[in-house]
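Source: prediction; values computed, not measured. Convention: sequence-line order gives letters A, B, ...; per-chain numbering from 1.
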Number of protein chains: 2
Amino acid sequence: MVNGLKLRASDLSKQASSADVIYNALRDAIIRGEIGEGGALRQDTIAQMFRVSRIPVREAMQRLEAQGLVVSERHKGAVVASLSVEQITEIFQFRALIEPIVIEMAVPLMTEKTLAEAQGHCDAFAAETDPLRWGDLNRAFHRVLYRDAGKPYFLSVVDKTNDLVERYVRLVLYFVQGMRHAVAEHQAILDACKERDAKGAAELTRRHIELASETLVDYLRTQKR
Amino acid sequence: MVNGLKLRASDLSKQASSADVIYNALRDAIIRGEIGEGGALRQDTIAQMFRVSRIPVREAMQRLEAQGLVVSERHKGAVVASLSVEQITEIFQFRALIEPIVIEMAVPLMTEKTLAEAQGHCDAFAAETDPLRWGDLNRAFHRVLYRDAGKPYFLSVVDKTNDLVERYVRLVLYFVQGMRHAVAEHQAILDACKERDAKGAAELTRRHIELASETLVDYLRTQKR
DNA sequence: GTTTGCATAATTGTATCCAATCTACAATAT
DNA sequence: ATATTGTAGATTGGATACAATTATGCAAAC
């Protein structure tokens, strides 16, 4: 019998392949905006970066393409997908519909631990001075609030949807709204959760997303893409 | 300048690779239930079926796994994902939330051509005697009604969600409700669309999905999985 | 100056081969 | 008889090599 052995989380999940590692690295780089729209993703270059052959790179690419983060053309290569203002608007519209529903389902089930964690993320977000970290903390805050809904499929859709527009959300945080505005809205959402006001939290979440969308679209139009 | 050139659809879409072909074939086989839950997908076997090496097979698998249709384990192989009753229920709950929203957006924009096409699918569905075709016609009917919403992202989410539960929907059509019930509901939805009753079409769609979900869950519980 | 043609380089798609590891079953020890 | 160990086959993960296609640079013609 196993007796004194300690298992780490990494032992429980299936062992990561090279393709997994590369997928996560590329996805994060795209999400964070480190590789900009239209940025080329050369199989050979990436393979050399990870000291592997092109095979696992291609497998990672298949997943990224399936998720809509990159588009590739035969014998031409893959580039980071670029979204039109219309596409971005539609995705934010989707978020503004689905995320309020998820938080509304989560509020009645939210534990004190979750509320404390969310407050922690919110405070950390407010205190963070490095703009490059704002995106991560913003994302973490929202994710925690949806967690207790206990709806894995809803969460996966929300996650994949957010992946597609994360780099634009970060644009808003960096250059447009600044962070103070987001902090106030986050605290309002969290307060509604603490008061178990599910409808209120949902409505605030909807407005939070819609405002971000409008702000972003205004910004993009001034940049006249 | 381009003057007089006729482009075919196949010229517009990028040329299909082996991986594309294999992905589509496997996805359809899974969706249609031709490969049942837990059915093994051996790379070598599939490669031989398509007369190719395992490389394109693996790339197709990555996409299928990203979409949640198969699960694979290192050195053990991939199998068709099996969904628990809880997972199926959640996915139908998602459908019952999102699809009414899409049809409600579509109704005001629906063209006569679309309405005629939908009626065609509905009639073809009613007249079809081969149960194996019911699933396709059912799916086609619903897709047409969502098309004019002009929301590609919403449609892609609806499509991917339906892919996950399509084999269970077909179970309901084949063995449980029969087709007559579905035809009546389809005609009711379509009639609401023709009368430009967006809210009505949405509500009927919601009930259509919820009823299918309840029927399916009852059936699955009797089969005590 | 612009365009066309061609040779070369760059890039992706796929086949083949090898390594790692899991499964099943037989052999052995307790 | 049961538990453990060892080994062979099966299966996947990945590297290397080659084929097919496209991009690029440059020279020649208009």
Given A:Glu65, A:Gln67, A:Gln62, A:Glu59, the one that forms side-chain hydrogen bond (donor to acceptor under 3.5 Å, both in side chains) with B:Arg63 |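 With B:Arg63 as partner, side-chain hydrogen bond (donor to acceptor under 3.5 Å, both in side chains) holds for just one option, A:Gln62.
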Parallel, tilted or perpendicular, as decided by the 30° and 60° cut-offs, for the rings of B:Tyr174 and B:Trp134 |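 If you compare the ring of B:Trp134 with that of B:Tyr174, the planes turn out tilted.
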Measure the shortest side-chain to side-chain distance between A:Pro131 and A:Leu173 over non-hydrogen atoms and say whether it is less than 4.5 angstrom.
->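 Not in contact.
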Any side-chain heavy atom of B:Val102 within less than 4.5 Å of one from B:Lys151?
->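 Not in contact.
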For the helix from C:dG1-D:dC30 to C:dT30-D:dA1, what angle lies between the axis at the first five pairs and the axis at the last five pairs, to 10 degrees?
->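 Comparing the first five pairs with the last five, the axes sit 10° apart.
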Pairing of [X] and [Y] as salt bridge, 4.0 angstrom limit:
X        : Y        : value
B:Arg147 : B:Glu117 : yes
B:Asp136 : B:Arg170 : yes
A:Arg139 : A:Asp159 : yes

Given side chain to side chain donor-acceptor pair (under 3.5 Å), test B:His142 with B:His208 step by step and report yes or no.
-> CA-CA 11 Å; B:His142 286 288; B:His208 180 56; 3.2 Å; yes
Kindly give the heavy-atom pair with the smallest separation between A:Phe50 and A:Ala25, and that separation in Å.
->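 So the two residues come closest at CZ-CB, 3.6 Å.
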Determine the minimum heavy-atom distance between A:Lys160 and B:Ala66, stating which atoms define it.
->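 Minimum heavy-atom separation between A:Lys160 and B:Ala66: NZ-O, 3.9 Å.
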Counterpart residues, salt bridge (Lys or Arg N to Asp or Glu O under 4.0 Å), relative to B:Arg42 (two or more places apart) =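 Partners of B:Arg42 by the salt bridge (Lys or Arg N to Asp or Glu O under 4.0 Å) criterion come out as none, since no residue qualifies.
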Can you pull the contact range of chain B along DNA chain D, 5' to 3', using atoms under 4.0 angstrom from its heavy atoms?
->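 Nucleotide range with atoms under 4.0 Å of chain B: D:dT11 to D:dA15.
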Set of side-chain hydrogen bond (donor to acceptor under 3.5 Å, both in side chains) partners for B:Thr111, sequence neighbours left out |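 Partners of B:Thr111 by the side-chain hydrogen bond (donor to acceptor under 3.5 Å, both in side chains) criterion, ordered by chain and then number, come out as B:Thr114.
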N/O to N/O distances under 3.5 Å, protein versus nucleotides 8-10 of chain C:
none

Roughly, in whole Å, what's the span from CG in B:Asp20 to P in C:dT12?
->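 About 16 Å, once rounded to whole Å.
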Heavy atoms under 4.0 Å is the rule here; annotate nucleotides 16-22 of chain C 5' to 3' with B where the base is hit, S where only the sugar-phosphate is, and - elsewhere.
-> B---BSS
Quick one: are the ring centres of B:Phe94 and A:Phe154 less than 6.0 Å apart?
->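 Close enough - the centres of the two rings lie under 6.0 Å apart.
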Which residue, B:Met61 or A:Pro56, contacts DNA chain D at a nucleotide closer to its 5' end, judged by nearest heavy atom?
->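 Result: B:Met61.
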